[in-house]
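Reminder, nothing fancy here: chain letters follow the sequence lines and each chain counts from 1.
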There are 2 protein chains.
Amino acid sequence: MAAVTAVTRWRLLLVLSTAALGAAGAPQPPNILLLLMDDMGWGDLGVYGEPSRETPNLDRMAAEGMLFPNFYTANPLCSPSRAALLTGRLPIRNGFYTTSGHARNAYTPQEIVGGIPDSERLLPELLKEAGYVSKIVGKWHLGHRPQFHPLKHGFDEWFGSPNCHFGPYDNRARPNIPVYRDWEMVGRYYEEFPINLKTGEANLTQIYLQEALDFIRRQQAARRPFFLYWAVDATHAPVYASKPFLGTSQRGRYGDAVREIDDSVGKILHSLQDLGIAESTFVFFTSDNGAALISAPKQGGSNGPFLCGKQTTFEGGMREPAVAWWPGRIPAGQVSHQLGSIMDLFTTSLSLAGLEPPRDRAIDGLSLLPAMLQGQLMDRPIFYYRGNTLMAVTLGQYKAHFWTWTNSWEEFRQGIDFCPGQNVSGVTTHTQEEHTRLPLIFHLGRDPGERFPLRDRRGEMLTRERPWTTAAEMGQRGHSPGTPAAARG
Amino acid sequence: MAAVTAVTRWRLLLVLSTAALGAAGAPQPPNILLLLMDDMGWGDLGVYGEPSRETPNLDRMAAEGMLFPNFYTANPLCSPSRAALLTGRLPIRNGFYTTSGHARNAYTPQEIVGGIPDSERLLPELLKEAGYVSKIVGKWHLGHRPQFHPLKHGFDEWFGSPNCHFGPYDNRARPNIPVYRDWEMVGRYYEEFPINLKTGEANLTQIYLQEALDFIRRQQAARRPFFLYWAVDATHAPVYASKPFLGTSQRGRYGDAVREIDDSVGKILHSLQDLGIAESTFVFFTSDNGAALISAPKQGGSNGPFLCGKQTTFEGGMREPAVAWWPGRIPAGQVSHQLGSIMDLFTTSLSLAGLEPPRDRAIDGLSLLPAMLQGQLMDRPIFYYRGNTLMAVTLGQYKAHFWTWTNSWEEFRQGIDFCPGQNVSGVTTHTQEEHTRLPLIFHLGRDPGERFPLRDRRGEMLTRERPWTTAAEMGQRGHSPGTPAAARG
């Protein structure tokens, strides 16, 4: 593994040294721009088959870049996914899990006292070693107490909020969620930053867009490499859009929010081009978890052909839209079937900066540069956790469920449905069903919707070099997902 | 209506007269090439979000042409849809319906004595008036007795079969299905034209490809306008592919068949370009009905985010992939949200030929040329029939179900499932549920999966100029779907 990484790193440095000799005459690593959506689903982009086709800018980004149809988050919920992205580690490693219930995801409400541990090393902190200036725009969601502040964890700037834009609150039992500029609280949602729940009008995406454009311009002028983490939340319920976008979508308010984000992404990419830094800026677009079907149809998106949504470890909960864009470097109009993870953005970003991942801890992300720049495919697993429970694993085209569960009967009877209109007998269960001895297996190529469990589970799987029960054992033994299969025994 | 059509026709003739002055110096109408798939679903193409992205040629066709995400067949079953395409008329008009059961689709097995009535005027017959030479390659499915032969109904050439490639039969109780070249029976499936059910190997798509290429070359050499109806059937169970494609798809055998068809479409489009007739050939790609989920996952395709499949009047049964391609005429890379119908291909083709639809009968198809050439949108309904029962209507974004039904409990208990893994309470019913007094209404923009019936059905609908119950009445009174809404009262 170490040898592989070293080779990749040196190959990259070689590439950089020939291409990134900027105006200053010194090699400078590329800028990094991660566009992280909130509760946006795999099926929400035109390029992923959304019938209304209202994302021309994101579709163009895909046409000019590389599409990853097999890209996953690390957890079907906001906070653990965001922690995974910024640490390159599974939530069970970075602390964003809970032991208070089996298969219970770690949710981060406004009352929470915890947050990202000081012992975790976040991407912006590491990128400092290569001279990067980092900004987070939008939702942090890794703890709201002072010790968890983004500027305590490597970011140089912040405009946004520590939590979801839920509300309004009465300001007695609960205050409204604060909005920060760097260390300063500059207002609160529903107060200085209004969100009209009735009309869905809010100007926040426009503010986040201006924050991004301003930061990019300033770093370009200063000729410093930058990392911008653009974590907008308009597609998370309560869904919002600014006035020019309200009512413009065929899809209703959710579509209005998507259209505004799409328009903003277009403006950001255009600004990179106008500033002449498109070819020295790596951009990646993805989402933190699957569409929240509990909020559909008015406030939730689409997971396309996939089963269920947010909160679950079916494909609809964790497979994400993903587009990489780096003109002149990543070939245009390509599709990579590399199994990718949100945690790979950590390792890939470090590789871009010419840095190595920390050696003192397990890192679960891989560098996707071989996939992006050389079209290579690495055999690696995807792990699907709920809380600290390993629910499923995908390797190649095969997905093995060790546990199946949507939500409890109690919740379901109250009308909370993570899989509306979908019901696969023995799969979308409302009791936690264990399959660790003989996993429930799907072939995601033939059956992306997880509707037809393989009958001859042992037969088909035993044709691989190692039987599938091994994956379950790996989960129990403490696996090393970052190791390519070729390097395993 | 007559005035509108006349204007469209003259505008078109004007366009043709300036652009289609060929080498001979005389205006010649464009060639027409209809590529009709068998049981291929909306979600089977990369450009429609199929995760394996294995249709580079069709995706390129869409990038160079116009995509219609809201395109429908006229019936969720093979024969009635094909009859509708070639007559421009709903199956209740052209005879491809049955009165032997409520909501029973007209199926055309090998034993059937009926077929397309002599009184119907088929597209190739009408195109003769404009000098077209017509060929059908592949599946006819409009009757196998001599009087129903394609060459009795306007086609000049045929290579293919009157029926599905089911079999093998024992040649006593039932013979194997014959394969014709024009009037001559040249063999039978599973005999001279082998299909290996075990391996899925058959060479038929390659034969159909060569038939298409040969016909195109001959007509180009003779400088005669042609109509080619390429009705391949490799994606209908039993699904097949030729040896070079077997095992090449991530999706299994069904994907192998799709890949071979995609490759063939690429070769056909290239041949048009190589022969220098791409800009004088109108090509349209679509399918006869939704993916047959009863055959999934091994022998059935994908309807993407839509509900249920073939045989049903949910979106998965009748919404089809659709791409128009005419370089230099239809603008590249466009998406049209025009509600389109397979019957429009009849009227559009006549318009291309400078012909008028027959005046002695109701024609249900519209010309899509205003949508394709000028980007216009016409307000028109889509009618969803099963047999002679009007099950549902879509107008704009609203779909009203007057009847809901998947299949009978009896069939369902035998394991025949048209909606595997999908179950929308009160919608995917196994008894025929009538809603004509208060239709079950969905907003297809916000809810393409038909999972969330509108609660306030009257409220939202009454904001339109006419209430929705009118659509039901229209169906009962004998509607005129060809009339644009603007021309109605």
Quiz item: When heavy-atom pairs shorter than 4.5 Å are enumerated against chain B, which of A:Phe306, A:Tyr48, A:Tyr254 gives the highest number?
Solution: A:Tyr48
Quiz item: With respect to chain B, which residue among A:Leu67, A:Leu45, A:Asn423 yields the maximal number of heavy-atom pairs within a distance under 4.5 Å?
Solution: A:Asn423
Practice problem: Taking the side chain as every heavy atom from C-beta outward, state whether B:Gln250 and A:Leu444 have any atom pair closer than 4.5 Å. | Solution: no
Practice problem: Could you walk me through whether B:Arg253 and A:Arg446 pass side-chain contact (heavy atoms from CB on, under 4.5 Å), step by step? | Solution: CA-CA 9 Å; B:Arg253 190 178 295 178; A:Arg446 297 195 297 263; over 6 Å; no
Quiz prompt | Interchain contact, A:Phe452 with chain B, by part (heavy-atom threshold 4.5 Å) | solution = side chain
Practice problem: Nearest 0.5 Å please: distance from the OG atom of B:Ser52 over to the NE2 atom of A:His337. | Solution: 5.5 Å
Practice problem: Check whether A:Ala63 gets within reach of chain B through its side chain, its backbone, both or neither, counting any heavy atom under 4.5 Å. | Solution: neither
Self-check item: B:Arg251 portion near chain A, given a 4.5 angstrom heavy-atom threshold
Solution: both
Quiz item: For chain A, which of B:Lys298, B:Glu450, B:Gln422 has the most heavy-atom pairs under 4.5 Å?
Solution: B:Gln422
Exercise. Determine whether B:Pro297 and A:His443 make a side-chain contact, defined as any pair of heavy atoms from C-beta on separated by less than 4.5 Å.
Key: no
Quiz item: Which heavy atom in A:Pro51 sits nearest to a heavy atom in B:Arg319, and how many Å separate them?
Solution: CB-NH1, 4.0 Å
Quiz item: Quick one: what part of B:Val427 sits under 4.5 Å from any heavy atom of chain A, side chain, backbone, both or neither?
Solution: neither
Quiz item: In terms of heavy-atom pairs under 4.5 Å, which option from A:Pro448, A:Ala296, A:Cys419 contacts chain B the most?
Solution: A:Ala296
